[in-house]
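As structure tokens, the structure follows; a few thoughts come after it.
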Amino acid sequence: METKVPQAILEPILADAAARAKVGREQLAVVRAESVVWGDGSLGCPEPGMEYAQVLVNGYWVVIEAAGQTYDFRVGRGGSFRLCPAGRGRPPLPSDAS
């Protein structure tokens with residue numbers, strides 16, 4: 001799969017997913033890896049009770065499948081990433097939104 005995510009950002013995410021799934025890197029399947037614009041500082045994954053900056057955030061959306069589990073990673077400015085718990089994530093803004 002061709003990815004639009006720089007290798008320097010993708011590598012730590014792959015390592016994290018492999019550790020969480022307790023599998024080797026070769027057993028990971030990248031389902032999604034794309035450049036996106038998140039609608040606010042939550043990166044489309046708000047935590048209950050938290051408030052977020054209402055600004056557009058350029059980042060990446062990386063979804064990895066491993067050992068029957070799907071790992072939904074949200075990446076913000078500077079390459080920092082976090083795992084979005086199942087059921088909490090919202091999609092990024094449509095690519096034609098400006």
Side-chain angles (χ1 to χ4, degrees):
M1 171 182 195
E2 186 179 337
T3 172
K4 296 178 181 173
V5 178
Q7 206 61 31
I9 290 174
L10 191 58
E11 283 301 317
I13 292 173
L14 291 170
D16 187 279
R20 288 175 190 274
K22 298 177 176 58
V23 299
R25 291 275 300 272
E26 69 282 352
Q27 293 179 269
L28 300 178
V30 177
V31 177
R32 175 189 303 271
E34 61 188 63
S35 175
V36 298
V37 177
W38 299 111
D40 63 26
S42 74
L43 307 181
C45 188
E47 291 184 38
M50 295 288 292
E51 291 188 20
Y52 298 92
Q54 297 301 305
V55 297
L56 299 181
V57 179
N58 291 315
Y60 301 96
W61 190 8
V62 179
V63 179
I64 296 171
E65 213 168 78
Q69 295 289 322
T70 300
Y71 299 90
D72 179 353
F73 289 95
R74 308 301 177 99
V75 186
R77 288 189 183 96
S80 61
F81 65 89
R82 69 172 194 241
L83 181 66
C84 188
R88 192 183 299 164
R90 294 195 304 249
L93 295 178
S95 57
D96 59 2
S98 53

Open item on the list: To the closest 0.5 Å, what do you measure between NZ (Lys22) and CD (Gln27)?
Closed with: 13.5 Å
Task: Spacing of OG belonging to Ser42 relative to CD belonging to Glu51, to within rounding of 0.5 Å - done: 12.0 Å
Open item on the list: I'd like to know if Val5 and Leu83 are part of one continuous hydrophobic network [Ile/Leu/Val/Met/Phe/Trp/Tyr, side-chain heavy atoms within less than 4.5 Å].
Closed with: yes
- [ ] Check the hydrophobic clustering (I, L, V, M, F, W, Y; side-chain heavy atoms under 4.5 Å; chains of links allowed) and say if Tyr52 and Trp38 are grouped together.
- [x] no
Where do [X] and [Y] come nearest, in terms of heavy atoms and distance?
X: Gly44; Y: Pro46; result: C-CD, 3.6 Å
X: Ala66; Y: Leu28; result: CB-CD2, 3.4 Å
X: Leu43; Y: Gly76; result: CD1-N, 3.7 Å
X: Arg88; Y: Cys45; result: CD-SG, 3.9 Å

Task: Side chain proximity check, Val57 to Asp40, heavy atoms < 4.5 angstrom - done: no
- [ ] Could you list the residues that satisfy side-chain hydrogen bond (donor to acceptor under 3.5 Å, both in side chains) with Arg90, not counting sequence neighbours?
- [x] none
Open item on the list: Can you list everything that forms a side-chain hydrogen bond (donor to acceptor under 3.5 Å, both in side chains) with Asn58? Sequence neighbours excluded, please.
Closed with: none
- [ ] Not counting sequence neighbours, which residues clear salt bridge (charged side-chain N to carboxylate O under 4.0 Å, His left out) with Arg25? List them please.
- [x] Glu11
Open item on the list: If the condition is salt bridge (charged side-chain N to carboxylate O under 4.0 Å, His left out), which residues does Arg77 pass it with, not counting sequence neighbours?
Closed with: none
Open item on the list: Could you go through Val36 and Val75, starting from their C-alpha distance and side-chain angles, then the distance that decides it, and tell me whether this counts as side chain to side chain contact (heavy atoms under 4.5 Å, CB included)?
Closed with: CA-CA 9 Å; Val36 298; Val75 186; over 6 Å; no
TODO: Might you work through the side chain to side chain contact (heavy atoms under 4.5 Å, CB included) test for Val62 and Leu10, ending with a clear yes or no?
DONE: CA-CA 8 Å; Val62 179; Leu10 191 58; 3.9 Å; yes
Open item on the list: Applying ring-ring contact (aromatic ring centres under 6.0 Å, His included), can you list everything that pairs with Phe73, at least two apart in sequence or on another chain?
Closed with: Phe81
- [ ] Go through the steps for Leu56 and Leu93 under the test side chain to side chain contact (heavy atoms under 4.5 Å, CB included), then give the verdict.
- [x] CA-CA 9 Å; Leu56 299 181; Leu93 295 178; 3.3 Å; yes
- [ ] Write out all pairs satisfying side-chain hydrogen bond (donor to acceptor under 3.5 Å, both in side chains) with one or both partners inside residues 65-76, taking only residues at least two apart or from two chains.
- [x] Trp61-Asp72, Asp72-Arg74
